Amino acid sequence: MENPFQETLFHRNQAEPCTMVIFGATGDLTHRKLIPALYNLAASGDLPPHFQCIGFARRDKTDPDFRSELETANRKYSRQTHSDELWQRFEQSIHYHRSEFQDLEGYRSLKDALDRFDQQRGAPANRLFYLASAPEFFKPILELLKQAGLNEAPEGRWARVVCEKPFGKDLTTARALNEVVSQTFEEKDTYRIDHYLGKETAQNIMVLRFANALFEPNWNSRYIDHVQITCAENLGMEGGRGGYYDTAGALRDMVQNHLFQLLSLVAMEPPTDLSADSVRDEKVKVIRSLRRWVGPEAVGHNVVRAQYTAGSVDGVERVGYRQEDRVNPESNTECYVALRLYVDTWRWQGVPFYIRVGKQLPKKATEISVHFKKPPQVPFATASMLSNSENTLVIRIQPDEGIALRILCKQPGQALIMQPVKMDFQYSSSFGKASPEAYERLLLDAMLGDATLFARRDEVENAWKFIDELEHAWHQSAHPPPMCEYPAGSWGPKEADELLAQDGRQWRLL
Amino acid sequence: MPPPQLTDIDLSRLGMEVPLPRIDHALKELWEQDRAKTRASLVNFAIYTEDPCSLARNMEMLESITAEHACRAILILNLPDGNANAPRAYINALCRPYQGQQVVCSEQLCFILEKGTALQVQNMVFAHLDADLPLVLWWQGSLTQHFDERLHSRVQTLIVDSSRWTDPAAELDALSEALESRTSHFDVRDLSWTRSHFLRLALAGCFQDAQALAQLPQIDRIEISHAKGQRSAGLLLGAWVAGRMQGELQSAGEEPVFARPDGPSITLHLQESPDGPALSSLTLSGMNVQIHVSRDGESRFVHVCAHCTSHEHEEVFPADVESDAELIGEQLSRAGGRTLYASMIPVLRRLV
Ligand SMILES: NC(=O)c1ccc[n+]([C@@H]2O[C@H](COP(=O)([O-])OP(=O)(O)OC[C@H]3O[C@@H](n4cnc5c(N)ncnc54)[C@H](OP(=O)(O)O)[C@@H]3O)[C@@H](O)[C@H]2O)c1
């Protein structure tokens, strides 16, 4: 029988009852993101009825201790104001389960706990396993989940797994991980998180492109000169981040996942429908069509890597990358990378996509800019009047989410002088309401079984395939391309500027 | 001289008085005063009222609506008992903070008509719209007067509040007629219906549970507690709940009864409570089952308590929509299109 009252839920979908198990529940991610996201779902009425959440970690704790730690975190990190009335009810659904990740007994007792909830509820619930642990534990967790029979859903229910990033550190490890995952869960029940996809503006890229008749006809090599994607951070290795970062680097940490996801959304063909697989089919084609840079020469010509040296950001002195806490003083890890990419499809023939990402840059900003070609001829203007005058469409992902369009106008006066002007749409000005956090949207989608905003196996593996060639040229060739340098607080190394200058272009000034 | 029903204090709240032909010019000057301001607009939101006492309330409401929904706000007060003086216009910017400054602003235009005709009302609206943006109109007057086809044929969303109608039957007839007119394409939202939104959500959430769902055929009674003056909100909610359980209205009156093809009939019992929110509780009961959804006093949450044969459980759902501004905000956040409310009009007409 269908829920007859469902029709009132018009613009929202409500998930069926489920129990979520968080592996690594005493960690930073759970405190800062997952619990506040669940709490905000509860505050908006989007959590399914009978929801239960079990935190799995190794430290000894009681339920009240665990709840009170999470309450403190929620007061600090929740998007909506913390309400004691709601928390009192919400915390009843949170439980702590102490066990080592590698201990089968812990999984058996977890199964007992899940069965107990089902009994109280009077019917078996769906199960969502969230791997919020360091990636080296994914394998033992998945294997033991299977041994305990937890990967199999009760009759008529589902069991799903959500994997945090990083998903592997190269193609081999990603494949191995995918193998382990696929031996435990089917691909349709596997949700690989990329929180960039949960951001409102990332989701808006598809709407902007496919719901506006204005852009799509011009969205190709005939009208677009090039595309730039910038992800700048004005921080370095604060809070002990250096330990992990130095083993990964900008290319693995940001490009393989987040920036390739943005690139896919910008470059993909229109999907036939909005089902998860139709969208992801189109996105993976973009990654598969990326022109390969193989060998140190091609990589050196198209990719720039760099580390920051001492400098200052926002007037504060910063040490160089190699002097950072928990970073190897002889580190060969890049904290800046700029790439020239080509998507070899009919639509994008000859259009370069320039991507740059880096730490200790002058400001924090993630933006996509689409640079249109100049008009073929303007009868009343000389070529010099049209310099620096192309139309640019900017999609700001963070902060200040919005869209800006630069167009050319005549400056008032007798003479014909043209001036670029900017039309700017800011989400926060037009929509006073705060957008949900990425994790809210993604957790709800995982409960609803909508994988559109999650990375599919072939997307991840194809992205690694591309990235591996670059890593190989950097770290395993006899004559690797150089590691460049830039002072903290600058917009990256001069070699990155030259990358565009070779093509007669410049990085956009953010 | 202010119109007889209004004081200078009332008028001073409306902003700067400007001659009608100078409105556009004055708005431009307003924006030029402070270069840092961002003008933002997603819709034209117009309010039509004939009640001079509602002026302050409407102003406060607009201020709070524009904090979340950037719009061009147009408030028209048409005084039926005025002296037929020339219309007066006022402009104002309603700003909200952004990064510590009051910078994001919506425009507010206010018009005072005395004995205004339908044509004058239309002119006030049509001459001052922000072009290309949809028109949402909250009609606080009677739909039987001045609400003519030329006006509603240009409206995208019509908002009404059936709890304020003195003759609901006549208003519903006028509304149905407008909806059926060949040139109209508006969708209609009744705040009385929106008032039950949170109870409906909580109820729907509760029946996501298979156990509760299995008990649905047993239910034979719906009880709703409503505040004074909110009977229409209760009737709408009760009729919807009964309708979703296949109930067809069999008899109207004090305790309406809905017959079901298979299963017991459902009786709707409305109860007025002296204080509390517009709708404070909804109870569905029958053999071995009771679902109780309630909201206490000022709480921002509703508690759902379900007792079925073998189990019992409680949930908490949000109830963050109560004031007029919040109700309107909820409507402005919605996509357009078919509304459930429109499908409820025929049964509501039989119930009032
Ligand atoms: N933090 C973020 O903002 C963020 C953002 C994006 C992705 N991620 C990813 O999310 C994952 C978790 O990050 P995190 O920052 O939350 O990590 P974290 O703070 O180091 O937390 C690790 C968690 O794993 C548990 N744990 C470690 N070893 C265990 C064992 N042998 N048996 C049982 N439990 C064990 C710890 O439990 P005890 O406390 O009991 O030791 C703790 O709950 C990582 O894959 C990370 O890359 C994190």
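Keep in mind the model is a prediction, meaning the values are calculated, not measured. Residue numbers start from 1 in every chain, and the chains themselves are labelled A, B, ... in the order their sequence lines are given, proteins ahead of strands.
For A:L274, the CG atom sits in a loose shell: 12 or fewer heavy atoms of surrounding residues, nucleotides or ligands are nearer than 6.0 Å. In A:E216, the CD atom is crowded: over 12 heavy atoms of neighbouring residues, nucleotides or ligands sit closer than 6.0 Å. For CG of A:D273, the number of neighbouring non-hydrogen atoms (other residues, nucleotides, ligands) closer than 6.0 Å is greater than 12. No more than 12 heavy-atom neighbours from other residues, nucleotides or ligands sit within 6.0 angstrom of NZ on A:K76.
In this structure, no portion of A:A125 lies under 4.5 Å from any heavy atom of chain B. Both the backbone and the side chain of B:L213 come within contact range of chain A, each with at least one heavy atom under 4.5 Å from a heavy atom of that chain. Only the backbone of A:E2 comes within less than 4.5 Å of a heavy atom in chain B; its side chain stays farther off.
Between A:F5 and B:V241, some side-chain heavy-atom pair lies under the 4.5 Å cut-off. Counting heavy atoms from C-beta outward, A:P49 and B:V304 have side chains that stay 4.5 Å or more apart.
If you take CG on B:L203 and CG on A:N3, they are separated by 8.0 Å, rounding to the nearest 0.5 Å. Summarising the geometry, atom CG belonging to A:L86 is positioned 11.0 Å from atom CZ belonging to B:F317; distances are rounded to the nearest 0.5 Å.
Contacts with chain B were tallied for A:Q92, A:Q120, A:R89; A:R89 has the most, counting heavy-atom pairs under 4.5 Å. Between chain A and the options B:H69, B:M245, B:E314, the largest number of non-hydrogen pairs under 4.5 Å is found for B:E314.
A donor-acceptor pair under 3.5 Å links the side-chain atoms of B:E315 to the main chain of A:H50, judged by distance alone.
Here the closest heavy-atom approach between residue B:P318 and residue A:S44 is recorded as CG-C, 3.3 Å.
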(request) I would like to know whether A:S83 and B:R300 meet side chain to side chain contact (heavy atoms under 4.5 Å, CB included); could you show each step before the answer? (result) CA-CA 9 Å; A:S83 144; B:R300 304 294 276 175; over 6 Å; no
